[in-house]
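See structure below.
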Amino acid sequence: MLELSYIRENTAEVAARLGIKNIDAEGILKQILEIDSRRREAQKDLDDNLAESNALARQIGDLFKSGKASEASDLKARTAELKVLAKELQEKFDGLLQEQNNLLVQLPNVPHSSVPRGKSAEDNEIVHSEGNIPALFEGAVPHWDLASKFDIIDFELGNKVTGAGFPFYKGKGARLQRALINFFLDNAIDAGYYEIQPPLVVNEASGYGTGQLPDKDGQMYFCDLDKLYLIPTAEVPVTNIYRDVILKSSDFPVKNVAYSNCFRREAGSYGKDVRGLNRLHQFDKVEIVQIQHPDKSYDTLEEMRSYVAGLLRKLELPFRVLKLCGGDMSFTSALTYDFEVYSAAQQRWLEVSSVSNFESFQANRMKLRFKDEGGKTRLCHTLNGSALALPRIVAALLENNQTPKGIKMPAALAAYTGFDIIA
RNA sequence: GGAGAGAUGGCCGAGUGGUCGAAGGCGCACGCCUGGAAAGUGUGUAUACGCCAAAAGCGUAUCAUGGGUUCGAAUCCCAUUCUCUCCGCCA
């Protein structure tokens with residue numbers, strides 16, 4: 001959620017920046033400010049009323065103590081009037097505040113000034129490419145065929161036991177998963193991240209804190225009986241650790257890493273996008289989360305970007321980095337880099353990581369603040385990124401490394417898998 | 001799941017109807033003391049919103065959450081949530 005004071009002081013700029021996300025916000029901004037001035041007026045009236053009531057209550061107390069009961073009764077008549085009025089004023093104020101919040105939560109984060117304009121994924125800017133696209137041998141097949149050929153991932157079994165999008169990993173497939181998780185966690189720890197194992201379900205306040213709620217309600221699995229949501233990413237519990245927290249400047253940077261299962265309903269997905277491992281309802285991901293001083297968050301974003309690049313390099317996967325255009329960015333992000341690996345048999349780029357700076361957008365919702373050098377309480381900046389999401393990495397590893405003799409593992413992984421070929 | 005106890009500031013903890021945003025302690029910050037440190041000592045130390053050009057200052061709200069009683073609620077009543085103890089069940 002954007003800060004009201006920021007909107008108030010930079011209205012034109014907010015409107016212009018939201019234009020990069022193809023949102024015509026002028027109307028809603030105007031509405032917010034109009035309600036804001038009415039809200040403040042209502043608050044003034046209410047506060048004045050309550051101040052008078054409080055003063056009278058004190059007087060009545062004093063009069064009672066000094067035995068002047070009749071004078072006290074006279075004042076009581078006035079407090080009764082004030083009380084009726086206070087209720088009305090309170091309702092008016094609450095209504096306006098509610099109205100204002102309803103509008104505020106609809107506004108997405110303001111994109112960074114470097115974000116390119118654009119409508120869709122077509123308009124994303126490729127800022128980096130690396131690695132060679134492998135030339136596959138005659139008879140190379142997509143990963144879903146490799147999965148069944150070597151019996152390492154079983155989609156049919158998943159369909160039977162649970163449903164589409166919930167595969168079983170078996171034998172060397174399961175070990176490869178476990179190896180990747182450990183590989184990613186160990187790398188993160190070496191880079192200074194603190195490992196956390198979070199709960200896989202969260203309450204409503206947490207969903208709201210990171211911005212999944214209210215606008216992405218239908219994308220999360222929900223346990224109705226207990227009113228809990230299955231997490232779509234570890235970002236949700238790990239960032240919410242800091243909900244309603246005031247950090248010290250010396251706490252920066254907070255660097256956390258968490259491995260978790262992720263659950264996504266993926267309503268509305270279809271076609272080749274969901275084939276094989278390309279889009280699952282349950283998958284594994286290692287997520288890095290940082291909390292930073294506002295002045296340093298963009299340096300941190302670059303640091304995270306180069307960290308993720310390093311992982312892909314070690315895995316010897318060809319990849320490219322995209323700076324997302326306004327139209328393709330998430331609701332909460334100010335700047336996002338997507339990492340895509342080339343999956344050679346499908347002959348397409350697959351998104352395996354998304355690294356974002358949310359600036360103070362999440363922090364404002366969560367009331368995550370810090371005391372700055374001058375002792376002032378300010379909102380922190382939050383960032384996160386996948387490092388990495390497993391399924392598409394597995395897809396690319398299987399496809400790119402297939403040979404007539406089997407699937408070779410990159411050297412960096414062999415120590416973790418305990419084997420160097422799936423045959 | 002059954003029975004009971006409880007929820008107060010960063011932490012501990014006092015407070016059972018009035019001047020209580022809240023004693024005291026710890027912690028933290030700054031100063032004094034010291035060759036330096038420790039100890040000692042002094043001062044300060046919640047958050048949000050509003051008024052004000054701004055600071056100072058002032059106002060309002062907040063003692064788990066939401067309602068209620070009262071001129072007045074941390075304190076009384078009701079509901080909800082959570083925590084702890086005992087019993088049961090259990091990886």
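Given the structure is predicted, the values throughout are model-derived calculations rather than measurements. In what follows, chains carry the letters A, B, and so on, assigned in the order in which the sequence lines appear, proteins first and then strands, with residues in each chain numbered from 1.
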| query | Out of A:L18, A:L2, A:L335, which residue meets the side chain to side chain contact (heavy atoms under 4.5 Å, CB included) rule with A:N109? | reply | A:L2
| note | By the Watson-Crick or G-U definition, both distances under 3.5 Å, B:G31 is matched with B:U41
| message | Which nucleotide, if any, forms a Watson-Crick or G-U wobble pair with B:U65, using both distances under 3.5 Å? | response | B:A79
| field | Pairing partner (Watson-Crick or G-U wobble, both distances under 3.5 angstrom) of B:A53 | value | none
| query | Taking 4.0 angstrom as the limit, do A:D36 and A:R40 come out as a salt bridge? | reply | yes
| request: With a 3.5 angstrom cut-off on both distances, give the Watson-Crick or G-U wobble partner of B:C11, or none if there isn't one. | output: B:G25
| request: Enumerate the residues from residues 73-92 of chain A whose closest heavy atom to RNA chain B is under 4.0 Å, giving them by residue number; use none for an empty result. | output: A:K76, A:T79, A:K83
| field | Length of the CG-P vector between A:N54 and B:U62, whole Å | value | 10 Å
| remark: Paired to B:U70 by Watson-Crick or G-U wobble criteria (both distances under 3.5 Å) is none
| Are A:F184 and A:Y259 close enough that their ring centres sit under 6.0 Å apart? | no
| message | I want to verify a distance call: between B:C71, B:A61, B:G59, whose nearest atom is closest to the A:F64 side chain? | response | B:C71
| task | Would you mind reading off the distance between A:E52 atom CD and B:A61 atom C1', rounded to a whole angstrom? | result | 18 Å
| message | Under a 4.0 Å threshold between the charged nitrogen and the carboxylate oxygen, would A:D123 count as salt-bridged to A:R117? | response | no
| request: Nearest whole angstrom, please: distance from the C1' of B:G59 to the CZ of A:F93. | output: 13 Å
| C1' gap between B:U8 and B:C87, integer Å | 31 Å
| Spacing of A:N49 atom CG relative to B:C71 atom P, expressed in whole Å | 16 Å
| remark: Taking a pair to mean Watson-Crick or G-U wobble geometry with both distances below 3.5 Å, B:C20 pairs with none
| said: Please report the distance, rounded to the nearest Å, between CZ in A:R365 and C1' in B:A48. | reply: 19 Å
| task | For the pair A:Y193 and A:Y307, name the ring-plane relationship: parallel under 30°, tilted 30 to 60°, perpendicular over 60°. | result | tilted
Set out, line by line, the N/O atom pairs under 3.5 Å between protein and nucleotides 44-47 of chain B.
{"unit_1": "B:U47", "atom_1": "OP1", "unit_2": "A:K371", "atom_2": "NZ", "d": "2.1"}
{"unit_1": "B:U47", "atom_1": "OP1", "unit_2": "A:T377", "atom_2": "OG1", "d": "3.1"}
{"unit_1": "B:U47", "atom_1": "O3'", "unit_2": "A:R369", "atom_2": "NH1", "d": "2.9"}

| task | Considering only NZ, NE, NH1 and NH2 on the basic side and carboxylate oxygens on the acidic side, decide whether A:E266 and A:R279 come within less than 4.0 Å. | result | yes
